[in-house]
Amino acid sequence: MKIKNVIGIIILAISIMPALHGIFDEYEPSARARAMGGTYTALSDDADGIFYNPAGLMLGSNQVKAGYTKVFGNDFQVLTVVDASWDLPKSYGRIAFGYTGMDVDYQDVNMMSEKTFMLGHSFTLMKDVHSQLHVGYTANAYHISMDGFSNRTTYGINLGATAVLHTRTRLAFAITNINNPRVGKDDDYELPQEMTIGIAYVPYTGVITTLDVKKTFNAPSDTGESTTEIHAGVEATLFEIISLRMGVQDDPTMYSAGVGINVHGAMVEYAYQVHSVLDDTHHFGIGFNF
Amino acid sequence: MKKIFLFIAIALPLMMLAQDITPIAQIQENINQYNGHEVTIEGVVTIGAGLLYDTRLQCYLQDESGKGIQAFDYDITNAYEQAFVRGNRLQITGTIEEYNGVTEITDFDFEIMSTGNLIPMTDLTVSEMGNYQTWEGSMTWFSGVVTDSYSAGGGLNVTLENTSGEEMLYRLWDSCDVDPDIAVGDQLVAKGVISSYNGSPQLLPAYLEDFTPFSSVIQPNLIFSEDDITVKVRVEWPENIATMELQYALQSDMVYHTLILAPIDGVDRGYQGTVPPLNTLTDASDNYVFRYVGKDSAGSTLVTGDPIAVVVYTGVPFIEGVEFYSQFTETYNFIQYPFNDERITIVAEVVDDLGEISEVAVHYGLKSQASMDSVLILEPDDGNLFEGDLPAMTDITELDDDFVFQVWVTDDADNVIHSEEIEIVVAPRAPVVYDMEFLNVPQPGEDLEFGVNIWDTDGDLTEQFIQYQLDYSSDGHTAPLVRDTTYSDTTRYIGVIPGKSSGTTVFAHVVAYDNDGYSTYNIPGYEEMEVEYTYPVFSHKAILKVPPHPFNPYAGETLPIDFYSKQGDKVLLRIYSSSGKLVHTAKNFIIDDENGINRFEWDGKNRSRSVLPLGMYICHLEVTETDTGNKKTAKAPIVIGAPLK
């Protein structure tokens with residue numbers, strides 16, 4: 001009964017809380033995730049997972065990745081991403097490093113620059129024949145500068161957990177900035193605190209379906225903005241080297257598709273995302289599995 | 001019998017016209033009878049001078065008969081500006097005229113009977129408002145949802161729809177200088193005077209308070225700490241208010257006390273009450289903050305007004321104002337700052353309602369030394385004015401410097417007060433630039449002609465040119481200035497800026513050097529002297545201009561968003577978050593400006609009127625050609641910022 005109540009409260013909280021935040025917004029750092037509609041909480045099985053759910057790092061391998069996109073085709077909104085994950089010796093799990101940078105350059109003025117440095121660690125909490133439970137965390141350094149308003153660095157902590165059930169099903173959640181980091185001269189402005197619940201299911205070999213439900217906890221209560229975000233995606237591996245991806249999401253409603261090519265550990269990824277009004281987003285990524 | 005009828009027919013109108021005060025309703029309902037005749041009316045000003053029209057007097061008054069009338073004159077005098085103020089009750093004797101369906105009183109004399117009166121209001125149904133020929137000039141109100149809002153022809157048109165689906169148009173003229181911050185979807189209750197446009201009724205609001213449910217009067221006008229404060233308030237909506245409260249607090253602690261207001265006899269939805277003197281709450285010098293709260297019969301709050309700052313004076317003297325000038329700044333009002341070899345006259349207006357001023361002194365010094373050791377005693381001049389001269393800067397120091405001073409006032413009870421620190425910027429005799437203007441209104445591609453007066457008051461110019469920038473680009477351009485030989489005035493110069501494409505804005509200023517090596521840059525504040533011209537847009541385009549700098553709406557800043565396309569194109573200006581969420585639809589209208597030039601001042605708020613979080617937003621412009629349906633778009637980043645350290 002208590003578990004049902006807790007689940008009910010979580011669902012209610014997610015459904016009523018508005019979702020709008022400014023700085024360090026959801027920029028979708030992974031081309032693979034973007035192609036799948038941003039559903040990565042339960043997947044999260046590569047170095048990009050550090051941005052979505054650090055627990056998923058345990059499902060990946062030693063890897064280095066980089067990404068580049070102009071969000072919504074905006075010349076003034078360039079996102080760059082670098083991340084890497086590596087096994088620790090013995091059974092100490094896996095560590096990862098992530099970097100995202102978004103600069104707003106317009107009319108030869110750098111109006112704003114956001115940089116995030118993340119250091120993550122994940123490990124297996126439990127493992128048996130039928131199931132696995134992985135947990136992970138990241139320590140984040142956020143640096144923001146604004147033209148005429150100086151700059152500021154603050155720090156946040158993310159948590160995540162992923163349960164793998166009978167190899168076909170993954171349940172996961174991730175929470176960002178649980179320590180409520182702030183910026184501003186008098187710490188007036190909170191960074192987004194977000195919770196995402198995700199599920200991934202493998203109906204048959206080579207196909208992964210994913211679903212994320214996402215909400216921000218600390219958006220201003222009177223913004224009147226939108227409701228729960230729902231993201232869904234699918235990835236189908238056609239051959240060993242080629243994967244096709246598709247995804248949808250609401251608020252804003254966007255459709256996406258993409259392809260990933262993996263040849264002898266070298267990866268090339270591309271995502272294409274369509275917004276109803278703004279221009280399309282082309283997202284490129286490269287990487288290497290060791 | 002015939003003679004009796006004849007006597008009645010002649011005498012009755014004359015008797016009506018001869019009575020002292022004629023109700024405005026009587027005039028409005030018998031306009032044919034009063035047209036061209038002199039009458040005396042008495043009413044409260046509902047819309048004051050200079051609001052509906054910049055240069056003509058077009059004011060409205062309304063009396064207890066429930067109807068209003070326009071007072072008209074071809075000029076606005078200082079006397080009009082002081083008398084035709086909302087809430088003033090005036091007695092006017094003048095001639096009634098009807099012009100284009102508007103009843104006016106013209107060629108009048110007037111007298112102020114009282115000030116601070118409640119604004120008369122007539123409750124009307126939409127169908128009654130539709131009969132604007134009858135109710136023209138009367139103040140009324142309307143409640144509904146904003147279904148359309150767009151700028152056109154020097155004003156803002158706002159369409160409201162009530163719950164019955166009935167619509168009413170509000171017309172807010174730019175001359176009112178009011179920004180009520182209206183967006184489509186807002187629930188709005190607003191007041192206005194009934195007028196007409198193209199055969200349909202419209203309401204004319206003119207004040208920001210016309211967009212709030214409260215209209216109030218706080219008396220006396222000048223409040224001392226020992227005064228009772230009388231408050232009268234009228235709440236237009238909602239209708240089910242059972243209790244009106246005035247909540248008052250000291251500005252220093254903001255702890256609100258509650259005063260239940262009593263209904264005013266004979267005034268629908270009018271309430272009044274008396275706030276205790278401030279000195280009963282505190283001995284210290286402080287001010288009040290008032291706010292109105294309307295509650296229903298169950299005690300639930302229905303509506304709360306914005307806080308009102310109420311200044312309370314103590315019995316000590318106060319400084320009404322301080323001004324300073326030099327010989328040149330007085331003679332040539334385009335010269336902003338005194339020159340460093342001039343004496344500077346300081347004039348202070350000082351008031352002491354409970355006693356007499358015994359001394360007014362100016363403590364002054366050089367800004368660089370951050371001290372005010374020198375003292376100048378101001379002499380009484382005229383009434384409350386005290387005057388004295390500071391020495392010329394060059395008599396004190398050879399360095400470039402500025403003055404700082406404070407005015408200190410002592411009264412006969414030994415109360416001593418002083419002003420804030422005031423700075424006098426002192427300028428060297430560098431070239432003075434004035435009457436800077438564009439001489440033509442060029443079409444796209446045509447040269448922009450420029451004229452300016454440049455005067456070196458102690459020598460000759462050695463170099464002068466135009467410096468200009470295009471839009472928000474930081475790249476500077478120059479164009480030569482030459483003497484305009486068609487003028488006998490040797491200070492007149494002209495120049496030409498090469499033609500630019502449609503929608504380009506040129507920001508121009510002048511740089512000049514004299515034979516002492518001074519440039520116009522040596523005059524503080526010169527950089528602000530700039531003229532701008534935007535080339536008209538006559539073709540289907542989507543031109544969007546946003547300043548490339550963050551702005552801070554948390555500090556009250558707004559961001560000018562310029563967007564251009566040809567007249568008749570439909571514009572949709574929207575703002576998205578950096579992740580693509582629509583946060584605000586700023587504009588949705590058809591361009592009315594013949595040059596296609598439009599500006600929207602964004603206050604950083606979303607459709608729920610909340611200031612958005614820090615971060616980047618995407619400003620997206622979509623322009624649709626109404627004839628063909630062709631669309632063009634443009635976008636630009638906006639950054640909401642705030643001090644980070």
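None of these values were measured; they are calculated from a predicted model. Values reported hereafter were calculated over all heavy atoms of this structure, with side chains retained and with hydrogens, waters and symmetry mates removed. Each chain gets a letter, A, B and so on, in the order its sequence line appears, and its residues count up from 1.
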Select, from A:Phe76, A:Tyr106, A:Phe72, the one with the greatest count of heavy-atom pairs under 4.5 Å involving chain B. A:Phe76

Grab the two heavy atoms, one from B:Gly580 and one from A:Pro252, that are nearest each other, plus how far apart they are. O-CB, 3.2 Å

Do you know which two heavy atoms are closest between B:Pro548 and A:Gln107, and how far apart they sit? CB-CB, 3.9 Å

Contacts under 3.5 angstrom, residues 637-645 of chain B side chains, donor-acceptor by atom type, not counting sequence neighbours:
residue, atom, partner, partner atom, Å
B:Lys645, NZ, A:Asn151, OD1, 3.4

Portion of B:Tyr576 that has a non-hydrogen atom of chain A nearer than 4.5 angstrom: side chain

So for B:His549, is it side chain, backbone, both, or neither that comes closer than 4.5 Å to the heavy atoms of chain A? both

Side chain, backbone, both or neither: which part of A:Asp279 has a non-hydrogen atom closer than 4.5 Å to chain B? both

Using heavy-atom distances under 4.5 Å, tell me whether A:Ser145 contacts chain B through its side chain, its backbone, both, or neither. backbone

Just how far is it from atom [atom1] of [X] to atom [atom2] of [Y], taken to the nearest 0.5 Å?
X: A:His275; Y: B:His620; atom1: NE2; atom2: NE2; value: 9.0 Å
X: A:Asn74; Y: B:Ile618; atom1: CG; atom2: CD1; value: 4.5 Å
X: A:Leu278; Y: B:Thr633; atom1: CG; atom2: OG1; value: 9.5 Å
X: A:Gln249; Y: B:Ser579; atom1: CD; atom2: OG; value: 8.5 Å
X: A:Glu114; Y: B:Met616; atom1: CD; atom2: CE; value: 9.0 Å

Is atom OH of A:Tyr255 surrounded by more than 12 heavy atoms (other residues, nucleotides or ligands) closer than 6.0 Å? no

For a 4.5 angstrom cut-off between non-hydrogen side-chain atoms, does A:Gln77 reach B:Lys635? no

Quick check, are the ring centers of B:Tyr554 and A:Tyr189 under 6.0 angstrom apart? yes

